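To start, the structure itself, in structure tokens.
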Amino acid sequence: MHPATIYSATADPHTFMTFRALVEAIIPGSPVFCVGGAVQAAGAADLCIHEYMIWELDHSLSLMLGFYLTNVPLSCSTARLLDAGAVQFAASGQMRYAPNHLLWGSSPFASLCPDDRIRVLAMLEQLNVDLGTLPPPYRDDGGFLRFMIDFLNRQTMFGNYSEWSAYGTTRLQTPTERRLESFPVSWRQVGYPGVVPGYRALRGNLLTIVRKGGESTIV
Amino acid sequence: MYDTDAMFDADVIVIGSGGGGAVAAKELGEAGLKVLVLEAGPWYGNKQWANPNNERGGEWSSDYRDLDVGIYKKMFNAYENNMNDVVSGVFRFGPADRRRTPWHRVMRQKGDIWQLSGVGGTTQHYWSQSPRAFPAAVDNIWPISYRELMPYYEKAEATLPVQFAPTTPKEELFYYGAKKAGWSLNPTLNVTTPGYRPNPNAILPTNEHLMDPNYRLEQLSDMEGCTLKGNCVNGCTAGPSVDKIAKRSTLVSYIPLALKTGNVAVRPNSFVTKILTAHDPKEGLRAVGVQFRDTWTGETGELTARTVIMAAGCIESPRLWLNSGLPYNEWVGRGLTNHCFDWVAGVFDEKDLMSIMGLPAVYPYVGHTSGARVDIPGTGIFQVSCLSPGLMSFLTYGFSEAGYDALNPPEPGAPWDIHGRVVGPQLKELMMNYSRTMSMLLLTDDETLYRNRVEVDPLLKDENGPIPVIHYTPSAKTLKKRDQLARYASETLKQAGARKIIRSDTPFGFMLHLESTMRMGYVTDTNCEAYQVGRLFIADNSVHFNGIGGPNPTLTTQALATRTAEKIVTKYFS
């Protein structure tokens with residue numbers, strides 16, 4: 001089995017499903033007949049950004065527990081946070097659309113339509129939630145909750161619009177082992193030419209500092 | 001116990017090799033003092049560490065000939081995720097071994113702390129803006145005058161060197177908008193009135209052959225001079241040798257100069273966990289050395305010196321003070337300022353750009369990351385700042401104090417069309433305009449408040465001791481200025497012809513320009529020596545009295561570190 005597949009297999013399927021639903025809501029796929037055509041079709045889930053987010057959250061924190069420095073993976077608890085948020089969102093009657101009942105049992109968050117998932121994130125961010133019912137480490141910690149909801153948004157965008165997806169089959173290896181296998185799809189989507197040695201784009205110098213004999217003047 | 005006749009390992013130990021520490025090391029080495037520098041992170045571009053993220057490598061380097069541009073360029077590959085992922089990037093605040101997690105800081109608010117470990121510190125990815133402080137934020141406020149700082153500014157500017165940024169399409173568009181919005185050109189380094197100017201940047205002048213098609217771009221990138229490749233933030237690689245790299249992080253400027261003195265040795269992968277002190281019969285409590293931990297082996301070591309300089313940054317310097325059990329001072333870690341940033345962007349139509357510049361795009365990926373600014377003493381600065389798409393997307397559309405634009409749109413009449421995060425199909429559509437989007441970073445004249453602080457967690461520890469906790473909430477006065485800057489920036493974008501304006505409302509906890517957590521006049525005297533611990537000096541942003549009015553802080557730290565080195569020589573080694 002490929003290392004990337006091994007890693008994603010270690011995340012439990014509910015966590016995987018919840019993160020896939022998260023990144024899909026933030027950066028969706030587009031119908032191929034939309035503006036921009038086929039190149040715009042891929043969304044964050046197509047680029048496996050949910051795997052990126054799970055990797056990031058599981059490699060972001062270590063603390064001394066007893067005598068040992070211990071890694072504290074955060075993806076599972078964060079998926080449970082989104083699910084707990086979705087349950088409270090539904091219970092408070094805020095859903096705009098009916099959830100997918102087939103998914104409700106495994107990931108309440110994924111069962112909501114994309115717009116409602118964003119509303120769950122907004123509800124959590126505004127702390128309009130019973131903090132005592134959330135899973136640790138978010139229970140009764142509104143500050144960390146707000147930090148995390150913001151992180152989920154910005155890191156999904158950073159992962160999607162950076163070159164990460166182009167690491168292809170090596171994408172979930174240790175960072176020093178990753179190798180680019182193609183030109184990133186998202187860079188093609190936005191018209192970024194990638195890393196180049198330079199641009200012949202000099203259009204002049206408005207001001208220049210001239211240094212002579214320990215003194216500087218501006219010309 | 002400390003013995004006044006003891007042999008010390010060095011004259012000076014410098015903790016941290018970033019924007020300030022590297023400067024102090026070079027200046028002291030040139031003065032003939034024996035200097036040891038301890039750096040927590042890796043060293044990129046040195047033969048002693050051929051695979052700095054994979055292997056422990058050597059222990060010390062003190063030889064200029066150890067520098068290796070091949071290793072440097074292999075590490076700095078300019079891919080934004082590889083370089084700037086806060087969790088596992090080449091640039092992060094964490095140990096050299098990228099299999100391990102970063103070093104954690106507790107922040108119970110939205111935000112992110114953009115600090116780096118490694119030789120060169122955060123200057124490895126800084127954008128190299130090197131303006132002086134606004135004189136009005138120093139005179140009659142700091143315990144020293146602006147005039148006192150001026151010769152040291154001159155010296156740091158000449159050493160780096162600092163030069164005004166060249167014009168590329170995005171600067172041309174910025175100047176066009178700024179002029180139409182009523183700002184006038186301000187051709188000065190000492191800013192006392194509002195106006196626009198190119199950024200004074202620590203970047204070598206543009207390669208003189210750049211526009212000559214007889215030179216291939218690959219060839220130019222191995223020559224001296226900037227190639228406008230647009231990757232300042234993702235690791236500059238233009239240059240023939242480590243010390244001639246175009247963007248002047250201290251890794252390529254002050255560190256090579258320090259090594260050239262023959263008096264400076266640097267030990268990366270060494271996290272200082274304690275300041276060692278002793279009671280001197282004549283001087284009272286004084287610093288005598290440090291305890292450190294090797295980040296690869298976990299082994300601890302001790303080194304002694306006649307003087308110690310803390311240059312670990314605005315978070316780690318107060319943390320180190322507190323974790324070392326140094327005397328209580330109510331201002332240690334207090335008074336944190338951060339320029340309370342905001343981010344405003346404009347999307348342009350191709351036909352408008354054609355009529356203004358004769359070009360179909362803004363080309364945000366070309367030129368210095370940030371090349372031009374409007375300075376407004378008393379309020380702050382807005383500077384054109386354009387990034388690669390991963391960084392640009394999150395800063396423009398994913399990072400906000402305001403929540404989601406669609407759920408809470410701007411009030412009617414607001415100068416921006418979008419306020420806060422954008423997600424879903426609208427995000428994809430906006431990102432399709434990436435090459436026609438110009439963005440700006442706003443830097444606010446941030447009020448210094450006692451409540452904004454760095455402290456250590458009473459329970460949580462990592463391998464280096466109790467971990468830092470950061471609290472930052474701007475004052476109403478700071479927020480008013482920030483809002484005014486957002487209006488000024490939006491007006492410049494509108495005058496330049498932007499069809500859609502986005503205000504991200506950046507989280508207050510986005511920490512780029514941390515300053516003033518070990519303030520001169522409260523924690524140190526005017527020589528930057530701690531009041532309560534003799535021979536312990538501070539040479540990073542933390543010793544600033546305030547946020548210097550909004551200008552990017554690195555040059556002021558470098559000027560002060562130059563001055564502090566001079567004071568140390570005069571007081572203890574003359």
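Below, chain A is the first sequence line, B the second, and so on; all start at residue 1. Just so it is clear, the structure is predicted and the values come from calculations on it, not from any experiment.
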Quick check on [X] against chain A: is it the side chain, the backbone, both or neither that has a heavy atom closer than 4.5 Å?
X        : answer
B:Leu395 : neither
B:Asp212 : backbone
B:Tyr196 : side chain
B:Asn231 : side chain
B:Ser88  : both
B:Thr237 : neither
B:Met392 : neither
B:His209 : backbone
B:Glu172 : side chain
B:Arg92  : neither

So which part of [X] gets closer than 4.5 Å to some heavy atom of chain B, the side chain, the backbone, both or neither?
X        : answer
A:Leu57  : neither
A:Gln155 : side chain
A:Arg146 : both
A:Asp141 : side chain
A:Pro28  : both
A:Leu63  : both
A:Glu177 : side chain
A:Ala166 : neither
A:Ser216 : both
A:Ala25  : backbone
A:Tyr68  : neither
A:Leu69  : side chain

Picking from [options], which has the most non-hydrogen pairs under 4.5 angstrom with chain A?
options                                : result
B:Tyr175, B:Tyr365, B:Tyr434           : B:Tyr365
B:Phe164, B:Tyr397, B:Trp103, B:Phe394 : B:Phe164
B:Leu460, B:Asp85, B:Asn51, B:Val422   : B:Asp85

Closest contact, heavy atoms only, [X] versus [Y]:
X        : Y        : answer
A:Met157 : B:Val423 : CE-CG1, 4.1 Å
B:Val366 : A:Ala201 : CG1-CB, 3.4 Å
B:Pro507 : A:Asp150 : CG-OD2, 4.0 Å
B:Leu427 : A:Ile26  : CD2-O, 3.7 Å

Considering only NZ, NE, NH1 and NH2 on the basic side and carboxylate oxygens on the acidic side, decide whether A:Glu125 and B:Lys110 come within less than 4.0 Å.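 Yes, charged N to carboxylate O under 4.0 Å.
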Name the member of [options] that forms the most heavy-atom pairs with chain B at distances under 4.5 Å.
options                                : result
A:Ser186, A:Pro184, A:Gly142, A:Ala122 : A:Ala122
A:Thr217, A:Leu145, A:Leu121, A:Thr156 : A:Leu121
A:Pro175, A:Gly159, A:Ala44            : A:Pro175
A:Ile118, A:Val219, A:Asp115, A:Thr174 : A:Ile118
A:Gly191, A:Ser162, A:Ser62            : A:Ser162
A:Ile27, A:Leu202, A:Asn160            : A:Leu202

Taking the side chain as every heavy atom from C-beta outward, state whether A:Ser30 and B:Lys428 have any pair of such atoms under 4.5 Å apart.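 Heavy-atom side-chain distance check passes, below 4.5 Å.
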Is any side-chain heavy atom of A:Arg200 closer than 4.5 Å to one of B:Leu220?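 Counting from C-beta outward, B:Leu220 and A:Arg200 do come under 4.5 Å.
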A:Trp187 and B:Tyr79 aromatic ring geometry - parallel, tilted or perpendicular at 30°/60° bounds: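 It falls in the parallel class, under 30°.
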Gap between atom [atom2] of [Y] and atom [atom1] of [X] - 0.5 Å precision:
X        : Y        : atom1 : atom2 : value
B:Leu391 : A:Phe158 : CG    : CZ    : 5.0 Å
A:Thr176 : B:Asn82  : OG1   : CG    : 9.0 Å
A:Leu74  : B:Thr101 : CG    : OG1   : 10.5 Å
B:Tyr363 : A:Tyr192 : OH    : OH    : 15.0 Å
B:Glu171 : A:Arg203 : CD    : CZ    : 11.0 Å
A:Arg154 : B:Arg421 : CZ    : CZ    : 9.5 Å

Stepwise, does the side chain to side chain contact (heavy atoms under 4.5 Å, CB included) test hold for A:Tyr199 with B:Thr168? CA-CA 10 Å; A:Tyr199 292 102; B:Thr168 68; over 6 Å; no
Looking only at side-chain N and O atoms, does A:Asn153 offer a donor or acceptor that is under 3.5 Å from a partner on B:Tyr404?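 Yes, A:Asn153 and B:Tyr404 have a side-chain donor paired with an acceptor closer than 3.5 Å.
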Side-chain donor or acceptor of B:Glu80 paired with backbone N/O of A:Glu163 under 3.5 Å: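 It does not hold such a pair.
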